[in-house]
Amino acid sequence: MNAVLRIIGGSANPGFASAVANQLGVESDGCDLARYPDGELHPTVENACGKDVYVIQPTAPPVNEHVVELLLLLDACRRSRAARVTAVVPYFGYARQDRRAATGQSIGSAVVADAIAAAGADRLVVVDPHTAALEAQCRIPVEILTAVPALSGELAPALPDGAVVVAPDLGAVKLAERYAGILGGPVAVVRKHRESGATVAALDVAGDVCGRSAVIIDDMITTGATIEAAVGLLRSRGAVPDIAVAATHGLLVHAAVTRLRDLDLRRVLVTDTVAPKDTGTVIEVCSVAPTLAMAIAHLHADQPVD
């Protein structure tokens, strides 16, 4: 595209937007985010006219606050007559709400995807969304990137031979298979039952874990309940107690950090799609800024993103 590339970072993870911009060799422009006394957000962007704009704003907790800010930023760019506006949402909140489990429920992922399109985005970029159905629910083009190669590269040097890649629930099976394809290990799958938002029971594991080192993978760690249940089950089935964990999005809400620390894990690895919390030495962060920068460079040049 002939228009000048511009990176605009929202308030959800400004450090990540700067890291992406540095990879691209351009400046990252923040927004002027004012707030009215009643809490309304009032962002202002500058110099978007005629530019190829990439608004980087993960919708991490507080999710609703960051979703609204994203929508207002997209609208501000559209009204400033940007040549093209791309919503870069490394962590896409509401992706878990991709179907109705009972009458009277909404499909949150579709609602948010529609709102992003209506606010002025010409395209959406996400990283390892909770559901692949997001692309089908969105009426603008969606580019789905993955942190699997980056995380696998961090895991591989210290991973014992024959380590088993564990999906902590059925929804993570395809993700586990992608890790296993890079790491060269077998896959095991935990069958779980979610009792509440912060309580999970691990019922059984399919796959041979006895005497093996294990790495549990997932797309996100929210409260840590799923990881806690999987770790307990694996150890009870004879897996080597020194277990590693890797996930793309480290939401780490409520007592997640304490929960993970108490599990005495070998390592816990997440990416910087969500602004890293001050967790001491419990959590390691692997940057996917190079992955996003490469994708943006290809999109800016109107080249395919593979």
Side-chain angles (χ1 to χ4, degrees), residues 9-17 19-20 56-67 70 87-98 108-109 112-113 116 124-135 142-155 166-169 171-176 178-179 194 197-198 200 215-228 230 244-257 259-260 265 267-279 282-292 295:
S11 68
N13 197 352
F16 183 73
V20 172
I56 300 180
Q57 171 82 337
T59 52
V63 179
N64 297 336
E65 179 102 348
H66 289 148
V67 167
L70 170 64
V88 181
V89 189
Y91 168 70
F92 190 96
Y94 284 96
R96 283 175 287 196
Q97 299 185 35
D98 62 333
S109 57
V112 174
I116 288 173
L124 173 65
V125 177
V126 297
V127 180
D128 289 334
H130 190 71
T131 175
L134 179 64
E135 184 172 11
V142 179
E143 300 291 347
I144 297 179
L145 310 180
T146 182
V148 172
L151 288 169
S152 296
E154 289 289 328
L155 287 168
V166 180
D169 54 34
V173 172
K174 290 185 178 180
L175 192 63
R178 293 165 71 184
Y179 274 93
R194 180 170 292 280
V200 172
V215 54
I216 301 171
I217 61 86
D218 212 344
D219 63 303
M220 70 178 79
I221 302 175
T222 307
T223 65
T226 295
I227 301 300
E228 181 182 51
V245 173
T248 301
H249 311 293
L251 304 182
L252 305 175
V253 300
H254 302 308
V257 174
R259 186 177 244 159
L260 294 171
L265 298 164
R267 66 190 307 196
V268 181
L269 186 63
V270 299
T271 77
D272 52 355
T273 56
V274 175
K277 301 177 184 293
D278 182 10
T279 60
V282 179
I283 311 293
E284 300 175 53
V285 179
C286 168
S287 181
V288 290
T291 301
L292 266 292

Residues passing the salt bridge (Lys or Arg N to Asp or Glu O under 4.0 Å) test with Arg267, sequence neighbours excluded, are Glu284

Residues passing the side-chain contact (heavy atoms from CB on, under 4.5 Å) test with Pro58, sequence neighbours excluded, are Ala12, Asn13, Pro90, Tyr91

Just wondering, do Val166 and Tyr179 contact through their side chains at under 4.5 Å, heavy atoms? no

Smallest heavy-atom separation, Ala60 atom then Val274 atom, equals CB-CG1, 3.8 Å

Kindly list each side-chain donor-acceptor pair under 3.5 angstrom involving residues 285-292, sequence neighbours excluded, with atom names and distances?
{"from": "Ser287", "atom 1": "OG", "to": "Asp272", "atom 2": "OD2", "distance (Å)": "2.7"}
{"from": "Ser287", "atom 1": "OG", "to": "Ala289", "atom 2": "N", "distance (Å)": "3.1"}

For Ala295 and Leu145, the nearest pair of non-hydrogen atoms, with its separation, is CB-CD1, 3.6 Å

Smallest heavy-atom separation, Ala172 atom then Asp218 atom, equals CB-OD1, 3.9 Å

> Are side-chain heavy atoms of Val142 and Phe92 found at a separation under 4.5 Å?
Replying inline: no

The side-chain hydrogen bond (donor to acceptor under 3.5 Å, both in side chains) partners of Thr146 (sequence neighbours excluded) come to Asp128, Arg178

**Message:** Any side-chain to backbone donor/acceptor pair from Asn64 onto Val67? Under 3.5 Å, distance only.
**Reply:** no

Using the rule given for side chain to side chain contact (heavy atoms under 4.5 Å, CB included), can you reason through Arg96 versus Ser109, listing the C-alpha separation, both sets of side-chain angles and the distance that settles it, and then say yes or no? CA-CA 7 Å; Arg96 283 175 287 196; Ser109 57; over 6 Å; no

Here the gap from Ile56 atom CD1 to Leu70 atom CG, rounded to the nearest 0.5 Å, amounts to 11.5 Å

dist Thr273:OG1 -> Leu251:CG (nearest 0.5 Å) comes out at 7.5 Å

Practice item. Please test Ile283 against Lys277 for side chain to side chain contact (heavy atoms under 4.5 Å, CB included), starting from the C-alpha separation and ending with a verdict. Key: CA-CA 9 Å; Ile283 311 293; Lys277 301 177 184 293; over 6 Å; no

NE2 (His249) and CD1 (Ile221) are apart, to the nearest 0.5 Å, by 11.0 Å

Distance col, row Ser11:OG vs Gln57:CD, nearest 0.5 angstrom, shows 5.0 Å

Item to complete: Apply side chain to side chain contact (heavy atoms under 4.5 Å, CB included) to Tyr94 and Val63, showing your working.
Response: CA-CA 8 Å; Tyr94 284 96; Val63 179; 3.6 Å; yes

Value for CG (Asp98) from NE2 (His130), rounded to nearest 0.5 Å, stands at 7.0 Å

Sorted by chain and number, sequence neighbours left out, salt bridge (Lys or Arg N to Asp or Glu O under 4.0 Å) with Asp219 holds for none

I'd like to check Val148 versus Leu175 (side-chain heavy atoms, cut-off strictly below 4.5 Å). Are they in contact?
yes

Shortest non-hydrogen pair, Ile144 vs Glu135, comes out as CD1-OE1, 4.2 Å

Query - side chain to side chain contact (heavy atoms under 4.5 Å, CB included) assessment of Val127 paired with Thr271 - result: CA-CA 10 Å; Val127 180; Thr271 77; 6.0 Å; no

Across all chains, not counting sequence neighbours, the side-chain contact (heavy atoms from CB on, under 4.5 Å) partners of Ala256 are Leu252

